[in-house]
Structure formats: structure tokens, C-alpha cells
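Report on one structure; see the data block that follows.
Predicted model only: the values in this text are computed from it and were never measured.
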Amino acid sequence: MGTSLVKFGRDTARDVKQVARGWRWGRRPQVPRSAEPYVIPKESTVFPTKWARTPAAIAVRDLIQKGPLNAVLNFEVSPQVSGLDSLLKLDGPAIIVANHSSHLDTPLLLLSLPDAMRRKTAFAAAADYFFDTWWRAAGSAIVFNTFPIERRGGNLSSTPGDLLADGWNVVVFPEGTRSPDGWIQRFRMGAAYLAVEHDVPVIPVGIKGSFAAMPRGRGWPVPGRPAVHVRYGDPLYAAEGESPRDFAPRIAAAVSALLDEESTTWYEARRRAAIGASPSQTGPAAARWRRVWETTRPMKSTDGRRRAWK
């Protein structure tokens, strides 16, 4: 009887997991876009997020982030942060730009910021992913202070500029989506355009280890509390007359230099960056398994300038 109950329980758990994988949780299509009949796209409605920046919502978000979110993150991964002294050079709002390879990147960035700055930071999130259902939109807005942007073209949302004008910091992942293998993809010019248009600095951030901890396709971090490092760089300012097209490569180079520093040392990385010889962070021209193998290698030991998570 006991053996039958155990077998029944295992079969039931397997069936529930199979149903969960195939269940249509949102409004995303289940067939390839190329196989769908063409229809004239409907004008999408913008999910309002202004309510998420009211004093009441900020207080609730602060409790969530410093309580359960911080506890879960520390339980699942071993995050460490360095370069926070660069944030002391800011005098006003800024655009925070980081490489993006995991859903861990958002909580890692948020919880690594000083409390005062964290409470005044909003995240640009893909409208077609985080805002396709009301519950996902409301959840991400209250927990992470997200606002929707279109990543498939169209007009640039006015929300980032309004937030910067109101003194909010804005986090942008210029790659537009998570990297499929942990290496940096092409940076788009949205962050550079905002910086030039609104005359605000850009804070580059290099995140290393988040792909190995929770790669694209996983719904939860891998076991073993893998190490994840977050490194902040000095503010970047667009030169007078510099266009977004010219400023964007400088932002990408700064993020690459921070990732190089994580792989080597501060001196070696700075020396290479000074002569424009920082190694490319786009990865080797090799098969996907080889690229993934490189980005999941063990992290180097910590140094004296990096501190453990708070």
C-alpha cells in the first residue's frame, strides 16, 4: 500500500509539472510568429505605472525588497558588489546601464544600490514580456518599479525622460533582452539617446555570474549558491556635441572593461582600457556549447575592494 501511494505521488507530481510547462500563463502565442496568419496589429494600451511611484507604493516596495526579496536572493546565490564609491560622484539622476543575461540582474542591481538611491530607481521593462498580463504588470511594477517600453521598434516612450526630469534614476538593459549564452549582445542606442537628450550621466555596470546562476530558460537559480558579482564604474558624460551614435560605443566599452576587470585585475583591466585594448565581451566565434561553457566557468576569488552583500 505504501509503495503504491509513493508511486501515485510521483506520477501526480510529474503530471502537474507537465501541465505547468504547457499551460498558457499569458497572452503570448504558442506557435512561431512566422506560422501565424497576418493580421493588422491592434494599437496596444499602455499599462499605467505612475501609481507604483506614490509614497504608499514606495513604502510597500521597500518592505518587499529589504525583506523577502533580499532573503531569497541571499539564500539562492552569493552576491558581491564593488565600485559603489563611483556612485558618490553623482549629483542628480542618472541612467544605469548593465549587461543582461538573467532574470537575476534586476534584483541584483536593485539590492546592491544604496537605500536612498534604490528607492528612487525605476526599471525599463519589455512591454511584450512583463506587461502582457495585468498580474505580471502589476507585480513587476510594485516589486521592481518597472515601466513598459517597446523593444520591437516604434516611438521611444516618454516615460524615461519624465522620470529623469522628476529626479528618478532609470535602469536600461541596452541589449533589449537576455543573452542566450551569457556573452554581451549588441548594445542599442536607447540609453545613449536618453543621456544626450536629457543631459544626464550614465553609470556602467558589469554583472558576471548571473547567467551561470540562472540562465535563460530556467525559472529558479541553480543549486549551490553560485557566486554573482556586480561591479559599478565611474559616471560617463556625453561630450558637447557628441551624438548618441558616438556615445553608445563608449558605454558598451565601459561595461566591457568592468567585465574584464572581474576576470583579471583592476590594474590590468585599466591598462587595457586606456589603450583601447579591452578584450571583446561578445565571446568566441564558436559553437553555442563552447560559449556557454566559457560563461559558466568558476568565478575568480574576491579582492579587497569588493564587499559581501548587505
Side-chain angles (χ1 to χ4, degrees), residues 65 79-100 105-124 145 160-174 184 187 189-208 228-244 246-276 278 281 302-310:
Q65 291 177 355
Q80 294 180 328
V81 60
S82 58
L84 287 176
D85 53 323
S86 296
L87 302 179
L88 300 176
K89 302 174 183 178
L90 290 175
D91 184 20
I95 299 170
I96 302 173
V97 170
N99 57 304
H100 190 28
D105 296 336
T106 297
L108 282 167
L109 270 176
L110 262 180
L111 297 178
S112 66
L113 290 170
D115 289 343
M117 191 172 181
R118 173 178 55 82
R119 296 187 186 103
K120 289 289 290 183
T121 297
F123 277 76
N145 194 13
D162 296 338
L163 290 172
L164 291 168
D166 289 340
W168 288 82
N169 306 295
V170 174
V171 177
V172 177
F173 295 119
I184 285 185
F187 273 28
M189 290 193 298
Y193 173 82
L194 288 171
V196 172
E197 183 73 11
H198 299 279
D199 193 24
V200 294
V202 171
I203 294 290
V205 184
I207 303 176
K208 198 171 185 67
V228 183
H229 297 168
V230 180
R231 184 177 291 272
Y232 289 86
D234 290 339
L236 299 175
Y237 294 86
E240 185 176 354
E242 188 174 19
S243 68
D246 294 329
F247 190 33
R250 289 209 291 127
I251 297 174
V255 174
S256 294
L258 292 171
L259 294 173
D260 179 33
E261 187 175 340
E262 280 294 341
S263 302
T264 56
T265 65
W266 175 87
Y267 177 76
E268 293 172 336
R270 286 299 179 94
R271 185 178 180 183
R272 282 190 288 269
I275 61 175
S278 295
Q281 299 295 325
T302 60
D303 58 38
R305 295 179 307 281
R306 185 182 292 116
R307 68 172 177 83
W309 207 253
K310 54 188 176 182

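Here the straight-line distance linking atom CG of Asn145 with atom CZ of Arg118 works out to 11.0 Å at 0.5 Å rounding. In this structure, CG on Leu109 lies 4.0 Å from CD1 on Ile207, to the nearest 0.5 angstrom. Note that OG of Ser86 is 8.0 Å distant from CG of Leu258, once rounded to the nearest 0.5 Å. To the nearest 0.5 Å, atoms CG (Asn169) and CG (Leu163) are separated by 10.0 Å. Note that the CD1 atom of Ile96 and the CG atom of Leu110 stand 8.5 Å from one another [nearest 0.5 Å].
Nearest heavy-atom pair, Ala248 versus Met189, reported as atom, atom and distance to 0.1 Å: CB-CG, 3.9 Å. The minimum heavy-atom distance between Ser112 and Leu84, with the atom names listed, is O-CD2, 3.5 Å. When all heavy atoms are compared, the tightest approach of Ala191 to Ile95 is O-CD1, 3.7 Å. Closest non-hydrogen pair, Arg250 versus Ala238, comes out as NH2-CA, 3.8 Å. Among all heavy-atom pairs drawn from Ile203 and Ala94, the shortest one is CG1-CB, 4.2 Å. What you find for Pro160 and Val170 is that their closest heavy atoms are O-CG2, 4.0 Å.
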- request: Please assess Glu242 against Val196 for the test side chain to side chain contact (heavy atoms under 4.5 Å, CB included), listing each intermediate value before the final yes or no.
  value: CA-CA 8 Å; Glu242 188 174 19; Val196 172; 5.8 Å; no
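Between Val205 and Val230 the shortest side-chain heavy-atom distance falls below 4.5 Å. Tyr232 has its side chain within reach of Val81: a pair of non-hydrogen atoms, C-beta onward, lies under 4.5 Å apart. At least one side-chain heavy atom of Leu87 sits less than 4.5 Å from a side-chain heavy atom of Leu113. Within the 4.5 Å cutoff, the side chain of Leu90 has heavy atoms near those of the Met117 side chain. For the pair Trp168 and Pro93, the minimum side-chain heavy-atom distance is 4.5 Å or more.
Between Phe173 and Phe123, the ring planes lie tilted relative to each other; the angle falls in the 30° to 60° range.
Taking a 6.0 Å sphere around CG of Asp199, one finds it holds 12 or fewer heavy atoms contributed by other residues, nucleotides or ligands.
The main-chain N or O of Ala257 is never found under 3.5 Å from a side-chain atom of Arg272 such that the two would form a donor-acceptor pair.
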